[in-house]
Amino acid sequence: MRILWFLVLLLPGQAISPQDPAHLEELGVFPDDGTVLGSIADVDILPDGHLLVLDAQANQLFVFSPSGELVRTIGREGEGPGEIKAANDVEVSPSGQIVLLDPGNVRVTIWSSEGELIRSQRIDSILRLGLEWPHELFWSDLGPVLKVTGFRPGMPLTFLLLRDDLGGIKDTISVVKASPEAPTGQFSPFAVNLKGEVLAAEGDTAYSISILDRAGEGNRRFVRDDLPAQRRTEADILRLQRSLDRIPIPPGVEVPKIDIPEFHHRFIARSFDVDQLGRLWTCPTTPDGAPSAFDLFNPDGDFLGSIPVQSHVSGMRIKGMRLLAISETAIGEPVVRMFQIR
């Protein structure tokens, strides 16, 4: 049976414990000025509180003020300096710079927080081109972590701790074997916490997330076993296959056809993250359009409860104590809902 709690609003100055339940206060919906976004791939928050949105369809970054108005756009489609091709990840570095991971151009591009281009930097030297693809970039207290995907069947996922300038490798944090559901390894959800530890969700019907060691083995688990398995419909499978077919593949690389399992996965990409207290927030999948809920675990893996929200969430990330949920309007336009974690 689901555990619910009364929402508690903390008094000013009252400390929050990692063992406490939480409450989400919605701060706003972005955009709020009539701007129409195409496909939200990722989001982050700039040091001045502005919201940064990566639109994968437009191949642009959109910057919105705290009140929801469009302030500027950054980049455009192309292969030149500052241009974007099939980007899927944007990060605001600890110094406030905007760092875009652009697998289509096999590089990272860096702008100042005001949107001035600093450099476009290829990352060929840390990849085996034709075999590996840069897939996600995470920032931890240890520094930037790059998730590298293998395209050939059975190739593992590798999490690399990079130098601060992103130009080389400092260490390998974890190597994860490809799952039977995704033999190329790139479609399973992962996150990296502030300590630089990799968190991975088990596939198929399991509701289980583990913190992985260097060999990719789980050592601390965040588990709920009270949710029944759900089978995918034929329409679900067809829609998922079409989305997989749209993933850009490097020239000359053959990727095997992936057999989509008949059961829904509990989690999709960008469906769990960690707040600054070390608590794990997860957003299990729900049927398209159905309202979502965030499940909360303390750092020891104990389930603290569930917070329902009024909208469907297709992705999320946490920045400090702000939760950014990728959602949609009543007519299906993509939006970002920003919450304060209390």
Q: List for me each residue that meets side chain to side chain contact (heavy atoms under 4.5 Å, CB included) alongside Asp164, sequence neighbours excluded, and say none if there are none.
A: Pro144

Q: Flag yes if Leu70 and Leu52 sit in one hydrophobic cluster, no otherwise; membership is Ile, Leu, Val, Met, Phe, Trp, Tyr, and two members link when side-chain heavy atoms are under 4.5 Å apart.
A: no

Q | Residues that Glu26 engages under salt bridge (charged side-chain N to carboxylate O under 4.0 Å, His left out), provided they are two or more places apart | A | Arg337

Q.
My understanding is that only residues two or more places apart in sequence, or in another chain, count here; which of them pass side-chain hydrogen bond (donor to acceptor under 3.5 Å, both in side chains) with Gln60?
A. none

Q: Please determine if Arg119 and Asp165 form a salt bridge, counting it only when a charged side-chain N lies under 4.0 Å from a carboxylate O.
A: no

**Q.** Pairs flagged by salt bridge (charged side-chain N to carboxylate O under 4.0 Å, His left out) wherever residues 61-78 is involved - sequence neighbours left out
**A.** Arg76-Glu83

**Q.** Residue list, salt bridge (charged side-chain N to carboxylate O under 4.0 Å, His left out) with Glu328, at least two apart or on another chain
**A.** none

Q. Considering residues at least two apart in sequence or located in another chain, which fulfil the salt bridge (charged side-chain N to carboxylate O under 4.0 Å, His left out) criterion with Asp213?
A. none

(Q) Suppose we screen for side chain to side chain contact (heavy atoms under 4.5 Å, CB included). Which residues come up paired with Ser93, at least two apart in sequence or across chains? (A) Ser95, Gln97, Val99, Trp139

Q) With ILVMFWY side chains joined below 4.5 Å, transitively, what does Leu194's cluster contain besides itself? A) none

Q | Any residue meeting salt bridge (charged side-chain N to carboxylate O under 4.0 Å, His left out) with Asp42, in chain and number order, not counting sequence neighbours | A | Arg270, Arg317

Q | Aromatic ring proximity, centroids under 6.0 angstrom, Phe159 and Phe190 | A | yes

Q. Salt bridge (charged side-chain N to carboxylate O under 4.0 Å, His left out): which pairs involve residues 52-64, sequence neighbours left out?
A. none

**Q.** Results of ring-ring contact (aromatic ring centres under 6.0 Å, His included) for Phe297 - residues two or more places apart only
**A.** Phe222, Phe303

Q: Enumerate the residue pairs fulfilling ring-ring contact (aromatic ring centres under 6.0 Å, His included) with a member in residues 98-118, sequence neighbours excluded, ordered by first and then second residue.
A: none

